[in-house]
Amino acid sequence: MKPTTETDRESFAETALRLGGKSEDEAKRLGAVDRADEQVEALFAAKYQTSSSPIHRAIWDGKAPLELFASAPLPAAAPCDAAMDRCLAVVRRRRREGQLFDPHGKVSPETIQELADAGYWGMLIDPRYGGQGAPFARFAPFLTRMGTIDITVAAMASVHGCIGAVDPLRTFGSAEQKERLLPDLARGTRISGFALTEPAAGSDLTALRTTAIAQGDDLEITGEKLFITNAIPGRRIGLVVLLEGKPAVVIADLPEENEQFQIVRYGLHALRHLHNNGLRFNRFRVPRANLLKPKSGDGLTIAYHGLNLGRLSLCASASASMRVFLANLLPWTSFRKTYGQPIKVRELVKRRLARLAALIVGADALVAWGSWLIDQGYRGELECIIAKIFGSEAQKEAAIELFMKTHGGRSFLAGHLFGDNVHEYLAPCIYEGEGEMLGMAFFKSLVKEHGRAFFEPIGKRLQALQMKTFNPANPLHLWKLRKELGTYTRWSVGRMLLARDRQEVPGMDRRLADHVSFALAMCQKHAEDLSRAMRKHQLKLADRQCRIAELSQRVQDTIVMLVTAQYAHQQKKEVVTAAADILCQDLRRNLTGQRTPDSYFRDITALADMILSSGFDDLAGIEAEEILMQYEAK
Ligand SMILES: Cc1cc2nc3c(=O)[nH]c(=O)nc-3n(C[C@H](O)[C@H](O)[C@H](O)COP(=O)(O)OP(=O)(O)OC[C@H]3O[C@@H](n4cnc5c(N)ncnc54)[C@H](O)[C@@H]3O)c2cc1C
């Protein structure tokens, strides 16, 4: 008999779903996702797994590893810097000359070639294969700088290097595959993408249908992909297929259209300067030698790995967009007068400027921290999810609540940054995982160990006793489960006796120190709240999606506070400290439900005045758009 491995066995999630009344099909599908997650986890040494991640430890260990919430400063220089400077210069010049895009509005082949010559496409690839070997912590802020010049060129590098074929090959390719396939990607003769989504499989990746069948030295692929960025003939994509019933990734070079391969075209408002297409395969052949074989797991293992980097890049790009908003708001709020005064003197407008600065600092903090953890070797699952959700939601809020509203009717003029790009600012909420779905995934990963340690034994005992639910008021139930409940009771009592986490960061600004202290106390509280929800809803917890989403958001807000306060402390700039303080005050009110005090309004006014008089971090060099429909001042 074939031995049962940890990953082959039915996961408890699957059993729990069945016991909780889910259909056989749903239990199986969600069990498959759970197993895929365990396989990704198995790729990492124990100290870098999700269960050892800073967030997991902060919630469950009783005392947060505070030092792991602050990234180490970047070295002053690195070999990739020269290439980065060249790339920025190329895009700045081509933008100024109006040469970035081709007549169809897509990033032009000439731009791609000039960037290739400057080393752009190999930024994350090892120099041995012709790349620049940039650490991720250097690449991510570079993307932010690139995004302030052109957001699409930044997005293209993120798709190519993070979710495209580059990361799967770097991480899961054999030596031969790397030698053969990475140099073209580094040179930019092949730009890459990743083809996962299908018409029937987006959020639900267990519904994949594209199939590969081995035929001699080839794999023959049949099926359809949807929404694939960077996918046109001549490009190299990571293609997710079902091989022998399991997800697998094969690296495919897209040929000109033929009988076996067609492009499905549609109009798409988001990422409008990039190609995004459906792909239809009919017995399309790819060499078997291009199949990636991860040490453990399958194609979803590979997909999840690249998505982590993509999520950090997305937050880095959001930071860029928000800087562009601020750089454009400053001249506009000085120019636009109502009732005889420029709108920049109004408190409501100052609040928007201050909130925008606060969101930028939060995004920068999460990017610096998450990238540092990834470079340290951490899996980074929880940290990258927070960055993606925060970045995409911040960008959405900034675009609509702060930028659009302050620009009034002009926002909707053709040629206005908002009107022309509104879909670009919203779509990140959906791609690389829709935010609320990711929030639920965050919750599940966070509670998994706790569930396994304390609730799985109870569930298994219930199953053995053929009891559907546990009633704590029933003495017979208590007696039958006394052993399992005893273990959990010991944990609960231990939490009650826990000393308050009073760690401090030496020399920290009083405002930030207060937020750190609050966040540390919240981490301790969250463990009890999460456990209580598990206790209360038992096997039905998976159906309490709104509660899961709420608890997840509370933990996320707490972590953003911890990270942002420590990041601001490292920056040692008053404007960054003040912006971090505003963000932390906002998050804190989310968590306590308290009303906004007057002191907050004084703080936002002070921060806005500081920005209006002295500017903001890294805004210099961002070219503001021309103000539309100008008029003579009276
Ligand atoms: C601009 C753009 C670029 C993209 N680029 C790529 C790419 O390069 N490669 C690629 O593979 N894909 C790409 N995508 C696809 C993207 O990743 C998917 O759109 C995304 O994962 C969501 O899938 P879906 O659109 O099928 O949503 P659906 O699966 O249709 O879900 C719609 C919504 O229903 C809700 N929902 C679904 N299931 C549940 C549930 N179980 N519980 C509660 N609510 C639920 C969620 O709110 C979800 O967002 C891109 C998409 C866009 C818009």
Side-chain angles (χ1 to χ4, degrees), residues 13 17 22-23 25-27 29-30 32-34 106 151-152 155-168 191-210 223-232 235-241 247 249 252 254 263-264 266-279 299-300 302-304 306-307 309-311 313-314 317 385 388-389 392-393 395-396 421-444 541-549 552:
L17 288 163
K22 293 280 177 212
S23 71
D25 180 51
E26 189 168 356
R29 281 163 179 261
L30 292 167
V33 172
D34 196 47
K106 306 294 179 192
I151 202 68
T152 309
M156 196 167 176
S158 164
V159 174
H160 174 76
C162 299
I163 66 162
V166 171
D167 183 71
I191 301 292
S192 73
F194 198 70
L196 177 59
T197 308
E198 299 182 3
S203 305
D204 175 8
L205 292 175
T206 64
L208 292 172
R209 292 180 189 171
T210 300
E224 187 168 334
K225 295 288 171 181
L226 180 66
F227 290 137
I228 310 307
T229 309
N230 279 350
I232 50 170
R235 302 267 164 102
R236 176 167 291 167
I237 59 165
L239 178 59
V240 183
V241 294
V249 174
L254 298 180
I263 300 267
V264 182
Y266 39 73
L268 189 71
H269 293 297
L271 295 181
R272 68 196 166 107
H273 296 302
L274 293 181
H275 294 278
N276 183 295
N277 289 306
L279 307 173
L300 290 188
I302 298 173
Y304 288 158
L307 279 172
L309 303 187
R311 286 170 183 158
S313 301
L314 187 149
S317 297
I385 288 182
K388 143 80 192 182
I389 297 177
S392 57
E393 291 297 320
Q395 176 169 285
K396 181 182 75 178
N421 295 291
V422 53
H423 300 98
E424 309 291 336
Y425 304 139
L426 304 184
C429 294
I430 301 297
Y431 56 67
E432 299 184 25
E434 185 264 325
E436 285 197 288
M437 296 289 284
L438 275 183
M440 291 198 292
F442 175 90
F443 175 93
K444 283 180 196 148
L541 180 62
D543 286 330
R544 301 280 77 80
Q545 291 190 328
C546 296
R547 176 59 66 210
I548 288 177
S552 171

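Note that ligands are numbered from 1 as they come in the structure, with each ligand's atoms numbered from 1 the same way. Atom set for the values below is all heavy atoms of this structure, side chains included, hydrogens, waters and symmetry mates excluded. Treat the numbers as computed from the prediction; the structure is a model and nothing was measured.
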(message) Under a 4.0 angstrom heavy-atom cut-off, which atoms of ligand 1 come close to I430?
(response) 19 (O), 20 (C)
(request) Note the single closest protein heavy atom to atom 26 (O) of ligand 1, along with its residue, its atom name and the distance in Å. (result) G202 CA, 3.2 Å
(request) List every atom of ligand 1 that sits less than 4.0 Å from any heavy atom of Q545, numbering the atoms from 1 in the order shown and giving each element. (result) 42 (N), 43 (C)
(request) Starting from atom 4 (C) of ligand 1, find the nearest protein heavy-atom neighbour and note its residue, name and distance. (result) F227 O, 3.3 Å
(request) Return a yes/no value: protein heavy atom under 4.0 Å from atom 44 (N) of ligand 1? (result) yes
(message) Under a 3.5 Å distance rule, please check whether E198 uses its side chain to pair with a backbone N or O of L208 as donor and acceptor.
(response) no
(message) Under 4.0 Å between a side-chain nitrogen and a carboxylate oxygen: does that hold for R29 and E26?
(response) no
(request) Around atom 1 (C) of ligand 1, find the nearest protein heavy atom and jot down its residue, atom name and distance. (result) Y431 CD2, 3.6 Å
(request) Could you list the atoms of ligand 1 found under 4.0 angstrom from a heavy atom of T229? (result) 3 (C), 4 (C), 5 (N), 6 (C), 7 (C), 8 (O)
(message) When you measure from the side chain of H160 to the backbone of S192, do you find a donor-acceptor pair of N or O atoms at a distance under 3.5 Å?
(response) yes
(request) Report yes if some N/O of L196 lies less than 3.5 Å from some N/O of ligand 1; otherwise report no. (result) yes
(message) Are any of the N/O atoms on L268, whether in the backbone or the side chain, positioned under 3.5 angstrom from an N/O atom of ligand 1?
(response) no
(message) Tell me if a side-chain donor or acceptor on S552 pairs with a main-chain N or O of G439 at a distance below 3.5 Å.
(response) yes
(message) Taking the side chain as everything from C-beta on, heavy atoms only, tell me whether T210 gets closer than 4.5 Å to V241.
(response) yes
(request) Would you name the heavy atoms of L438 and K388 that are closest together and state the gap between them? (result) CD1-CG, 3.4 Å
(request) Run the numbers for me: atoms of ligand 1, each under 4.0 Å from some heavy atom of I228, listed by number. (result) 7 (C), 8 (O), 9 (N), 10 (C), 11 (O)
(message) Within the 4.0 Å heavy-atom shell around N276, which atoms of ligand 1 are there?
(response) 3 (C), 4 (C), 5 (N)
(message) Give me the atom names and distance for the closest heavy-atom approach of Y266 to F227.
(response) OH-N, 2.9 Å
(message) I want to know if ligand 1 touches V159 in the polar sense, i.e. an N/O pair below 3.5 angstrom.
(response) no
(message) Suppose we measure from atom 31 (O) of ligand 1 to each protein heavy atom; which comes out shortest, and what is that distance?
(response) S203 OG, 3.2 Å
(message) Give me the nearest non-hydrogen protein atom to atom 9 (N) of ligand 1 as residue plus atom name, then the distance to 0.1 Å.
(response) F194 O, 2.8 Å
(request) Apply side chain to side chain contact (heavy atoms under 4.5 Å, CB included) to I163 and L309, showing your working. (result) CA-CA 7 Å; I163 66 162; L309 303 187; over 6 Å; no
(message) For T197, is there any backbone N or O sitting under 3.5 Å from a side-chain donor or acceptor partner on K225?
(response) no
(message) Under 4.0 Å and counting heavy atoms only, is there anything from the protein next to atom 33 (C) of ligand 1?
(response) no
(message) Using modelled atom types and a 3.5 Å cut-off, is there a donor and acceptor pairing between side-chain atoms of K396 and backbone atoms of A427?
(response) no
(request) Would you tell me which option among M440, E432, M437, E424 has the nearest heavy-atom contact to atom 36 (N) of ligand 1? (result) M437
(request) Establish whether atom 12 (N) of ligand 1 and some protein heavy atom are separated by less than 4.0 angstrom. (result) yes
(message) Just so I know, are the side chains of I191 and R236 near enough to count as touching, which here means a heavy-atom distance under 4.5 Å?
(response) no
(request) Quick one: look up the protein heavy atom nearest atom 49 (O) of ligand 1 and list residue, atom name and how far away it is. (result) E434 CG, 3.2 Å
(request) Report the member of L426, I237, L279, T197 with the shortest heavy-atom distance to atom 10 (C) of ligand 1. (result) T197
(request) Give the minimum heavy-atom separation between A155 and L274, together with the two atoms involved. (result) CB-CD1, 4.3 Å
